[in-house]
Amino acid sequence: MSWLRALKETARSGLTVERRRLDPVIAARAALGLALVVGFSLAVFGPAVAASSAFGAFQAAIATFQRSWRPRPTLAMASGASLAVSTFIGYLVGAHEGLFLALLLLWTFLSGLAWAAGPTAGIIASSNVAIMLVTVTLPTSVATAAGHAAMIFVGGVVQAALVVLLPVRRWGAQRDALADALAAEADYARRLRHDPVAPFDPLPLMTARNAAAVTPGQARRRPSELHGARGLAERIRPVLASLADPAVGVPEEGPARARVRELLAAAAAVLDAAAHAIRHGEPVVLPPPAVAALRTPDTGAILHGPSRRAALRLVALLGDVVETAEPRTETSGPDAETGGVAGGAAGTVAGVEAGTEAGGEVNAETGAVAGGEAGTDAGRQADAEADGEVNAETGTDAGRQADAEAGTVAGGKAETDADGEAGTDAGGVSATVSGTVTGGVRPLPLARSRPTLLRLAPIVVAKARAELRRDSPILRHAIRVSAVTAAGYLLGAVLPFGHGYWAPMASVMVMRPDFSQTYARSVARFGGTLVGVALATAVVQSAHPGTYLSAVLAVLCAFAMYLLMRTGYAAGQVFVAAYVVFLLGMEGVGVTQTVRDRVMLTLIGGLLAMLAYAVYPAWETPRLRGRLADWLASVGRYAAAVTARYADPAGPASPDVREALLNTRAARVAWQEAVERATHEPVRHRGLSHAAVEQADHALAEFGRVAMLMEAHLPERGAPPVPAAAALAESLRRATERGAKEVRERRAPQWDDLRETVDGWSDDPPDHFLLHKGAVLLLQALDEVTTALTDSRRPR
């Protein structure tokens with residue numbers, strides 16, 4: 001992409017206003033906190049302290065709007081405390097130009113490194129540096145500086161207190177994440193009806209996984225319906241794929257395929273109903289057609305073998321999802337008397353086939369699916385995660401047992417996913433249903449834990465230290481932002497304008513570790529500032545507001561910013577610019593001077609940020625091959641781990657398989673984010689064209705899908721091993737590791753060893769319905785990767 005086109009695309013992106021769901025109640029709460037702080041400070045201490053405290057409350061409220069799973073009061077307190085410390089230290093050295101410049105360099109460099117801990121930490125740290133540039137100019141002595149810092153901290157405390165005292169949609173972010181995961185599964189089921197090999201984006205499941213980690217305080221208050229459903233969604237995905245894929249045995253047309261489509265449609269309806277219930281905290285209401293589709297006795301007569309077992313397992317898992325999604329009065333903690341959470345059901349189903357199957361009845365009257373579970377929790381995982389960004393995971397899984405030879409899925413199987421959310425799968429659909437449903441007690445699973453801020457600190461420090469390498473985009477961002485901020489500060493002091501801090505403040509606020517966001521935000525900030533100061537000027541010149549009316553107008557502008565901040569950066573900046581004008585207007589700052597200074601210095605700060613990225617970039621395009629190689633290596637390890645379990649059966653809940661799957665998802669998301677960032681970069685592709693990127697992405701996604709299908713049919717613990725699978729697993733591991741190295745070295749990967757292993761099975765395939773077929777499909781996907789990379793290296 002040329003520079004002209006890149007600038008045009010980023011400018012359009014920055015000025016775009018998106019239609020998003022507005023949260024006026026939350027915006028009003030944040031504005032109320034700001035009004036309380038400004039009103040008290042103005043009445044007791046005067047305009048200067050009111051301005052400082054207003055910045056603290058304003059920034060603390062913005063911190064609570066960030067996409068973080070940490071408690072909102074914690075974010076508000078952390079923002080207020082860090083800004084208060086920055087302001088006080090900044091004022092102490094502010095009288096010495098050299099010392100303040102050194103402090104500014106250090107503070108901005110550390111704020112740049114804070115992006116290693118995630119976007120929330122990076123945004124809060126950058127905002128603190130930017131606001132510090134304003135607040136250090138307000139005090140007149142050390143004592144008043146301490147008072148200003150104290151009031152800034154009070155602003156954070158007030159915002160945190162309002163979040164506690166005036167809660168709005170408790171656990172809303174976590175509910176949305178879990179509901180989005182279930183809705184994504186529902187959409188996947190619908191797409192499988194028309195495309196049996198449709199791809200699935202695991203990002204909603206990863207987001208829900210991050211949201212499931214809780215602090216000790218959250219663990220005591222988490223609603224019970226937020227337990228378990230994510231783990232069930234994880235287990236439903238391979239079952240859906242296994243049911244739909246022709247490789248498992250269902251023809252592409254005919255009565256069996258029609259029944260599969262009917263089951264997929266019913267599953268989508270049930271998952272959507274569960275998602276709606278979790279999102280809004282309401283009882284689950286199942287559509288009658290879906291209930292009827294799941295109750296029909298035709299499944300046992302139409303589907304056979306693996307597809308029949310997948311259908312029975314799907315019904316049982318849907319029952320668990322509905323039961324888990326039902327809101328209950330108790331929280332996630334155990335009952336004080338019984339020490340457990342009521343749940344589960346025990347059912348008996350008399351079938352017309354040989355063998356017995358645990359019931360899978362759908363109770364249409366109560367809107368719940370009774371799954372016939374009588375489960376035992378056999379394994380749990382300890383999991384620590386820092387704000388969804390820093391992970392330290394360990395886990396153990398217990399296996400489950402089933403009578404695979406008789407073609408039945410027996411009740412009482414114990415299974416725990418790697419996140420410690422336990423469930424039992426039983427179920428079936430039979431011609432005659434005769435059972436009783438009784439209450440049960442399900443042992444309480446351990447919650448995934450999120451460290452407190454104090455325990456998070458060493459993890460973040462270690463994460464930041466890991467970025468201190470030459471090829472790190474985070475380190476390059478830290479160097480860029482510190483250099484630009486210092487240059488902007490010096491330039492603002494030299495130019496014949498007042499309020500010279502606006503240039504470095506604009507630079508800090510718009511700079512991000514990637515090109516597109518930096519340029520888009522630079523354009524958006526200048527455009528929003530221009531409109532905002534123009535509107536504020538018109539209001540001031542027509543109304544001539546005094547101190548208190550200026551404070552009221554500032555609070556109204558803050559409310560509008562909180563309301564519209566998710567619709568686009570440009571829309572929010574309109575009201576931020578007006579907010580600052582009115583806030584500083586409380587001290588009697590001239591409006592004409594404010595408009596001129598703000599517009600010119602904001603333009604300078606944005607241009608400096610854009611120039612810095614052009615001079616010292618961190619392009620993602622040259623790193624695409626490395627990201628692709630990482631994904632190839634991780635998905636190869638996942639496929640090898642799955643295949644190895646055929647040679648050494650350990651049950652479907654194998655911790656090494658689960659760990660490999662999580663690593664694969666992380667690598668895939670990193671690749672997709674890199675491709676998205678590289679799309680708008682003004683850099684010629686270096687070995688990977690857009691067509692090669694799309695083809696390689698499709699090929700590796702197909703490779704992962706086939707491995708997932710093989711995981712869905714892992715042999716039970718104690719089943720007869722398939723010795724030939726060990727050779728395939730080793731060939732997969734060696735081939736993908738070597739292939740990843742060849743991708744990084746800009747060579748076309750070859751799969752000769754794997755091809756020899758697969759070809760050697762042609763005459764004497766292993767005794768398993770899927771293993772040989774899966775190996776052929778895996779090899780075909782890898783051949784597509786080679787084709788994609790070979791085509792991209794041809795001269796054009």
Side-chain angles (χ1 to χ4, degrees), residues 185-186 188-198 235-271 286-322 347-364 369-372 402-411 413 425-435 709-710 712-713 768-770 773-774:
E185 295 276 8
Y188 182 51
R190 291 191 182 92
R191 287 187 289 113
L192 287 174
R193 297 179 67 239
H194 308 287
D195 180 8
V197 294
R235 294 196 287 274
I236 285 176
R237 180 200 169 193
V239 174
L240 291 172
S242 175
L243 182 63
D245 199 299
V248 179
V250 178
E252 295 188 8
E253 295 297 336
R257 176 57 58 179
R259 177 57 183 153
V260 164
R261 290 184 179 129
E262 187 179 14
L263 286 174
L264 291 172
V270 170
L271 289 169
L286 295 181
V291 174
L294 294 173
R295 292 186 65 182
T296 178
D298 295 341
T299 300
I302 298 176
L303 301 181
H304 305 280
S307 58
R308 177 175 171 276
R309 291 197 296 272
L312 301 181
R313 180 161 158 73
L314 177 62
V315 173
L317 288 172
L318 290 175
D320 284 347
V321 168
V322 172
T348 348
V349 178
V352 295
E353 306 176 23
T356 351
E357 298 174 346
E361 175 187 4
V362 180
N363 190 334
V369 182
D403 188 358
E405 296 179 359
T408 60
V409 182
K413 294 178 296 181
D425 298 326
V429 180
S430 152
T432 308
V433 178
S434 171
L709 278 180
M710 298 174 68
H713 294 276
H768 191 276
F769 78 97
L770 184 59
K773 190 179 299 184

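Predicted, not measured: the structure shown is a model, and the values here were computed from it.
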Inset, instruction - Might you work through the side chain to side chain contact (heavy atoms under 4.5 Å, CB included) test for Val315 and Leu317, ending with a clear yes or no? - result: CA-CA 6 Å; Val315 173; Leu317 288 172; over 6 Å; no
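- Considering CG of Leu263 and CZ of Arg193, their distance stands at 10.5 Å, rounded to 0.5 Å.
- Val321 is not listed as a side-chain neighbour of Val270, based on a closest heavy-atom distance of 4.5 Å or more.
- No side-chain heavy atom of Arg235 sits under 4.5 Å from any side-chain heavy atom of Val239.
- Of the inter-residue distances, the one linking Leu243 atom CG with Arg261 atom CZ reads 11.5 Å to the nearest 0.5 angstrom.
- With sequence neighbours excluded, the residues forming a side chain to side chain donor-acceptor pair (under 3.5 Å) with Arg190 are Asp272, listed by chain and number.
- Among all heavy-atom pairs drawn from Lys773 and Ala247, the shortest one is NZ-O, 3.2 Å.
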Inset, instruction - Go through the steps to decide whether Asp245 and Leu192 satisfy the test side chain to side chain contact (heavy atoms under 4.5 Å, CB included), and finish with yes or no. - result: CA-CA 8 Å; Asp245 199 299; Leu192 287 174; over 6 Å; no
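- A donor-acceptor contact shorter than 3.5 Å links the side chain of Arg257 to the backbone of Val250.
- Minimum interatomic distance between Phe769 and His713 (heavy atoms only, all atoms of both residues): CZ-ND1, 3.6 Å.
- Counting heavy atoms from C-beta outward, Pro196 and Glu252 have side chains that stay 4.5 Å or more apart.
- Between Arg259 and Ala293, the closest heavy-atom pair is NH2-O, 2.9 Å.
- Residues Ala244 and Val260 approach most closely at CA-CG1, 4.2 Å, considering heavy atoms.
- Across Ala269 and Ala290, no two heavy atoms sit closer than the pair CB-CB, 3.8 Å.
- Shown here for Ala256 and Ile302, the closest heavy-atom pair between the two residues is CA-CG2, 3.5 Å.
- For Ser307, there are no side chain to side chain donor-acceptor pair (under 3.5 Å) partners at least two apart in sequence or on another chain.
- Looking at residues two or more places apart in sequence or on another chain, you find no side chain to side chain donor-acceptor pair (under 3.5 Å) involving His768.
- With contacts defined as side-chain heavy-atom distances shorter than 4.5 Å, the pair Leu271/Ile236 qualifies.
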